[in-house]
Protein chains: 2
Amino acid sequence: MGSNGRPSEDSLIARFFAPMAGEGGLGLTDDAARLTPGPGHDLVLTVDALVERVHFLPEDAPGSIARKALGVNVSDLAAKGADPAGFLLSLALPGDWTESWLAAFAAGLAEASRDFGCPLLGGDTVKTRGPLTLSVTAVGQVPSGRMVLRTTARAGDLVCVTGTIGDAALGLKLRADPAWAAALTPDERAHLADRYLHPQPRHALATALRDHAGAAMDLSDGLAGDLAKMMQASGVSALVDLDRVPLSPAAAKAVETLPDLLDLAVTGGDDYEILCTVPEKNLDTLRKEADRVGLSLSVIGRVVSGHDRPVFRMNGLERRYDVGSYQHF
Amino acid sequence: MGSNGRPSEDSLIARFFAPMAGEGGLGLTDDAARLTPGPGHDLVLTVDALVERVHFLPEDAPGSIARKALGVNVSDLAAKGADPAGFLLSLALPGDWTESWLAAFAAGLAEASRDFGCPLLGGDTVKTRGPLTLSVTAVGQVPSGRMVLRTTARAGDLVCVTGTIGDAALGLKLRADPAWAAALTPDERAHLADRYLHPQPRHALATALRDHAGAAMDLSDGLAGDLAKMMQASGVSALVDLDRVPLSPAAAKAVETLPDLLDLAVTGGDDYEILCTVPEKNLDTLRKEADRVGLSLSVIGRVVSGHDRPVFRMNGLERRYDVGSYQHF
């Protein structure tokens, strides 16, 4: 314990974080971690920061915050076809942290680390006078030259997504207790809320993506905006059938109650599903691989030539969503 | 520009950060970076976070903040014998950022990136309602199995440091304009202030360290505390001659003016020099290598058997500094 009665950084690390360190973390006793990539492999690196009141709420369970911080990074790796190799955590703690909060945070992080097969390699813990701020850097590996990019969508390929779209955005909206929520059962509301709180990175699909997908990215800023980014990066456009965008039963009921919610589902963030393009000849194989790991894969449209924003069609109407990154500065 | 008249995250990245991205950064247009390690190499990873008013002051030049954030990480890599391969930046920006601030920050970061040979690989930029918070993850590489650890100091080895000790701690102290500062010339004060603001990572010594050092770490939390950590990690102790601890002319004059400042020099943080142990037979070669890259290397003591805290001796007096990590939570 330090002179102010609080633990030193070293004792905090030893107690809460060292137990989940992977082999390369050297017990978190050194200044740096060691990672030995497999021969003939590239590394894939990604970083995502989460700030209290921007990316999560103070009342969220600490274990959920931890799982989300790691999950959104593992989701990025998965979309790139990379298998998780480990992560580093940078944690800025406000002065009023409690041991019970940190213990729950560490427990949630350790559980997520096991679930995602992504061991802790190292980190840094500092004080802040501001909100709790976390930054996770995740490292994955792929066989050399096999990282799945955003730039490799080709006209004629199918546009596919895993899972269901819009649940997380609706789950966040639910917190304001809107009128449409009354139409949902408690289970349906819980489903949507959980999808916001607990992103499920699709790392089980990483190998299949690098074997069978054209381009891929994970959906963090909303289907419409992220698809537009991927098409732009690849120099192509896309036609999407809105009625083929997969909705969960809860989201479908919400949209049925208030049809405008479909726009929220398609533009809202935090899905953490995989958006990918697939050459038609690869679809059956990729779908079988998805089935095998318990994931649904839906074809929602097709890549087309051109440089316009992707078009979303339904009932003979066409619309382009004028959204880019939702994060404005 | 977003609907609120501020640039979107994408345009901010394209304008300020994409120009400094290395090849593996893929122009910062993908969700993740790619890094291809040299065959037969291990990667070394480290992360350090910096928070405004904790690790730097709001009035510090934005370019200095950027250089420090990258420098302290490259310093960690250097101490591990690793050559920089690239870095990721996580940046939490308060709402009142200005374009001129960010432009100066990016310019300083780009310059440091070139100076240290450490290209930008990727990053994340988010909003915060709190203080500016930065987290840098740096990646380096070493030939397999050659990372220099903390745990490999052996009794009989010499204890060495690069450069001079205590300048940064005295430089920070200067900001409060203490009485002893009057004894220093403007140039001496500027030297100390600069050493706090602009850590100089000793990456030029990385190769020589992995060839000739026993154990090594960079000095971030003060010589006394960091030496104690390294000796503890290696299961040994050390005897240090305080009068062999290298001081800059400015620091020596400060200590001459107020002898108690020697304790501050020895326990204060932010030196970012290399602390290493060296088998006696390797000293000449390591010193030659240090000379070659323009660094001084001073022998300050010797590793000894035992588990006590290192002893610092001067004028027949012995003292143990009861310091660990200075960061208390």
Side-chain angles (χ1 to χ4, degrees), chain A residues 2-4 6-10 12 26 29-37 39 42-49 51 53-55 76-77 79-80 82 88 90 92-93 97 121-131 133 135 137 139 144 147 149-151 217-218 233 324-325 327-329, chain B residues 2-4 6-10 12 26 29-37 39 42-49 51 53-55 76-77 79-80 82 88 90 92-93 97 121-131 133 135 137 139 144 147 149-151 217-218 233 324-325 327-329:
Chain A
S3 52
N4 58 358
R6 297 284 248 173
S8 70
E9 181 178 7
D10 289 346
L12 185 156
L26 306 170
T29 60
D30 213 302
D31 310 85
R34 178 170 54 198
L35 182 65
T36 308
D42 290 337
L43 291 179
V44 175
L45 299 117
T46 182
V47 61
D48 273 301
V51 179
R53 293 190 191 278
V54 179
H55 303 93
D76 270 327
L77 296 182
K80 305 289 103 187
L88 296 98
S90 166
L93 277 177
W97 71 274
L121 293 174
D124 191 24
T125 309
V126 298
K127 286 178 288 195
T128 181
R129 298 183 193 189
T133 303
S135 179
T137 302
V139 186
S144 296
M147 176 176 166
L149 304 175
R150 277 193 195 178
T151 49
M217 66 187 293
D218 76 328
S325 170
Q327 192 86 291
H328 289 296
F329 286 85
Chain B
S3 52
N4 57 358
R6 296 285 248 174
S8 70
E9 181 178 7
D10 289 346
L12 186 155
L26 305 171
T29 60
D30 212 302
D31 310 84
R34 178 171 52 198
L35 182 66
T36 308
D42 291 337
L43 291 179
V44 175
L45 298 118
T46 181
V47 61
D48 271 302
V51 179
R53 292 188 192 279
V54 179
H55 304 94
D76 270 327
L77 296 181
K80 304 290 102 185
L88 296 99
S90 165
L93 278 177
W97 71 274
L121 294 174
D124 192 24
T125 309
V126 298
K127 286 179 290 197
T128 180
R129 298 184 193 188
T133 304
S135 178
T137 302
V139 186
S144 295
M147 175 176 167
L149 303 175
R150 276 192 195 179
T151 49
M217 67 188 291
D218 75 328
S325 170
Q327 191 86 291
H328 288 298
F329 287 84

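Just so it is clear: chains get the letters A, B, ... in the order the sequence lines come, proteins before strands, and each one is counted from 1. What you see is a predicted model; the values in this text were computed from it and never measured.
- Options B:K80, B:M217, B:R129 differ in how many heavy-atom pairs under 4.5 Å they form with chain A, and the most are formed by B:K80.
- Nearest approach of B:A32 to A:T46, heavy atoms of both residues: CB-CB, 4.1 Å.
- Taking 4.5 Å as the limit, every side-chain heavy atom of B:V51 sits out of range of all side-chain heavy atoms of A:K127.
- Here the closest non-hydrogen pair linking A:P131 and B:G130 is CD-CA, 3.4 Å.
- Contact count against chain B (heavy-atom pairs under 4.5 Å) is highest for A:L88 among A:D76, A:T133, A:L88, A:T128.
- Contacts between A:V47 and chain B at a heavy-atom distance below 4.5 Å involve backbone atoms as well as side-chain atoms.
- Residues B:L45 and A:L35 have side chains in contact (heavy-atom distance under 4.5 Å, counting atoms from C-beta outward).
- When side chains are defined from C-beta on, B:R34 does not count as touching A:L43, because their heavy atoms never get closer than 4.5 Å.
- Side-chain atoms of A:D124 and B:S135, non-hydrogen and from C-beta on, never get closer than 4.5 Å to each other.
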